[in-house]
2 protein chains.
Amino acid sequence: MVQLLNSRSNAENRIQRRAEGRRQEILRAAARVFRRRGFDAAGMREIAEEADLSPGNLYHYFKGKQEILYYCQDRALDTMLATLEQAATGETVSLRLTQVLTAHVRCILDDMEGAAAHLVVDAFPLELRRPIVAKRDRYETGVRKLVEEGEQSGEFSVQEPVIITRAILGALNWTAQWFDPDGRKNPGEVAEIIAAYLVRGLRGETRT
Amino acid sequence: MVQLLNSRSNAENRIQRRAEGRRQEILRAAARVFRRRGFDAAGMREIAEEADLSPGNLYHYFKGKQEILYYCQDRALDTMLATLEQAATGETVSLRLTQVLTAHVRCILDDMEGAAAHLVVDAFPLELRRPIVAKRDRYETGVRKLVEEGEQSGEFSVQEPVIITRAILGALNWTAQWFDPDGRKNPGEVAEIIAAYLVRGLRGETRT
DNA sequence: TGTAGAATTGAACAATGGTTCAATTATTAA
DNA sequence: TTAATAATTGAACCATTGTTCAATTCTACA
């Protein structure tokens, strides 16, 4: 009896794991297509081909195209939020913010879902859009808090943290548009260069 | 005889001016829709409605949707390139660059076509894509030259001008995604805050 | 007033895109 | 080996989209 339950339970777990693995594959494939084409021009047939299955099969795993993007973005934002938490304990705010910004760029350039994280979801139904926008806002708020902490600790001199934070995030997110994997710099290098520049701009004036 | 030529010439001019005016109206309307929806989700029927004419009528003035975006981007890039030229003569490189960056943001937030300037044209036919990409590159090169000049004049300390320039442009272009016309800051204010921040980051280290 | 050219329309066309679904195949457990 | 469940397929469906085009309307000129 206990064995029977275990047997069924193991089978369900295996089946779920297989389906979940398949879902991850699809998300990765979709993220590549979204990155290449943007959301609207990314076709389900192209995603299916990228994931090596048939178009109709996608619907066994996801309800539709918007849900696929939703999960891509959800994953990427989770990764970014985790970076924020890990950076909670650092020696200086500069250091912590640099870590966060570096990780952000790496997420975008290294992780497939990363580049899809900030695609526009305005036209999505509310139940998909709301949690994504909320997560984005949470992340942005976290970054802004760091900027403000640096202002309070005297490391930074910032008068408009909201706007500056968005400029920072813009610089980071835009890397998806121009980064060339075959270029002379790898994602990590690009990430560090940009993060250092952005953090430097937060420091006090150097009028000479 | 001379009068006849004048009369015809005047009529042609008037007709051309009318058609050109109409074209500008369409471009402005299209830019608004492109900005709202992105290129792929912007529909010709929606553009026609925004321009207050019928969908078929658009094709009297433009060959198609891609050509409409092409002209939007062409205009915006002309504006930006003009700013670059005007900034050729300034007291300091800092000042000149600040002017360029400020104008860039204003172009994006104030001019309708501005927000469409950097939409992706990868899928366009070559004869449309090439001149746009060339203009973008020209602009980017111009900005980078300013950054490098500041490095040479000692105003800036920059080791990777290509990457930094792209980060700068990313921060500027991204304003189209988050700027809220009903917000507390107008385009000019946002432009100045961001430009000042980005230029500040180019200055030498302030390690303390 | 008549004519020619410019401009406009709205229905239709062909292609495309997201999605459905019945049939089939694959997998798993007993 | 059989049966049940999971997964897959590919054709079809329906809606949408960019575009065409014949007919009509508008404008300007003689």
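This is a predicted model, so every value here is computed, not measured. A, B, ... follow the sequence lines: proteins, then strands. Residue 1 opens every chain.
Whole-Å rounding puts the A/Lys63 NZ to C/dT20 C1' distance at 16 Å. The distance between atom CG of A/Leu69 and atom P of C/dG18, rounded to the nearest whole Å, is 13 Å. What separates CE of A/Met44 from C1' of C/dT20 is a distance of 12 Å, to the nearest Å. Here the P atom of nucleotide C/dA7 and the CD atom of B/Glu20 are 11 Å apart, to the nearest Å. Atom pair B/Arg22:CZ and D/dT27:C1' shows a separation of 14 Å (rounding to whole Å applied). A straight line from CG of A/Leu58 to P of C/dG17 spans 15 Å, rounded to a whole angstrom. Computed from coordinates, the A/Asp40 CG to D/dA15 P distance equals 20 Å when rounded to whole Å. What separates CZ of B/Phe39 from P of D/dT17 is a distance of 13 Å, to the nearest Å.
When each of C/dT8, C/dG18, D/dT9 is scored by its nearest atom to the side-chain atoms of A/Ser54, the top-ranked nucleotide is D/dT9. Relative to the side chain of B/Arg18, the nucleotides D/dT9, C/dA7, C/dG18 differ in distance, and C/dA7 lies closest. Comparing D/dT19, D/dA7, C/dT20 against the side chain of B/Tyr59 picks out D/dT19 as the nearest. Minimum atom distance to the side chain of A/Arg45 is reached by D/dA12, of the listed D/dT19, D/dA12, C/dT27. Side-chain proximity of B/Asn57 to C/dA7, D/dA7, C/dG18: nearest is C/dA7. Taking only side-chain atoms of A/Ala19, from C-beta outward, the nucleotide of C/dG18, D/dA7, C/dA7 with the closest atom is D/dA7.
Nucleic acid contact for B/Leu53: sugar-phosphate only, since backbone atoms but no base atoms lie under 4.0 Å from a heavy atom of the residue. Counting non-hydrogen atoms under 4.0 angstrom, A/Gly64 reaches the backbone sugars and phosphates but no base. Within 4.0 Å (heavy atoms only), A/Gly56 reaches at least one base atom of the nucleic acid. The residue A/Ala42 sits close only to the backbone: its heavy atoms come under 4.0 Å of sugar-phosphate atoms, none of a base. Within the nucleic acid shown, A/Ala41 has no heavy atom closer than 4.0 Å to any nucleic acid atom.
The pair B/Glu20-B/Arg23 counts as a salt bridge, with a side-chain nitrogen and a carboxylate oxygen less than 4.0 angstrom apart. With respect to the salt-bridge test (charged N to carboxylate O, under 4.0 angstrom), the residues B/Arg144 and B/Glu148 qualify.
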Let me have the donor-acceptor pairs involving side chains of residues 62-69 of chain B, under 3.5 Å, with sequence neighbours excluded, atom names and distances please.
from    : atom 1 : to      : atom 2 : distance (Å)
B/Lys65 : NZ     : B/Phe39 : O      : 3.0
B/Lys65 : NZ     : B/Ala42 : O      : 2.7
B/Glu67 : OE2    : B/Lys63 : N      : 3.2

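With hydrogens and angles ignored, the 3.5 Å screen pairs no side-chain donor or acceptor of B/Glu192 with any backbone N or O of B/Glu189.
Partner of A/Leu77 under the side chain to side chain contact (heavy atoms under 4.5 Å, CB included) criterion, chosen from A/Lys135, A/Glu113, A/Arg138: A/Lys135.
At least one side-chain nitrogen or oxygen of A/Tyr61 sits closer than 4.0 Å to the OP1 or OP2 atom of D/dT8. For D/dT8, neither phosphate oxygen OP1 nor OP2 lies less than 4.0 angstrom from any side-chain nitrogen or oxygen of A/His60.
Legend: residues meeting side-chain contact (heavy atoms from CB on, under 4.5 Å) with B/Arg130, ordered by chain and number and at least two apart, are B/Leu126.
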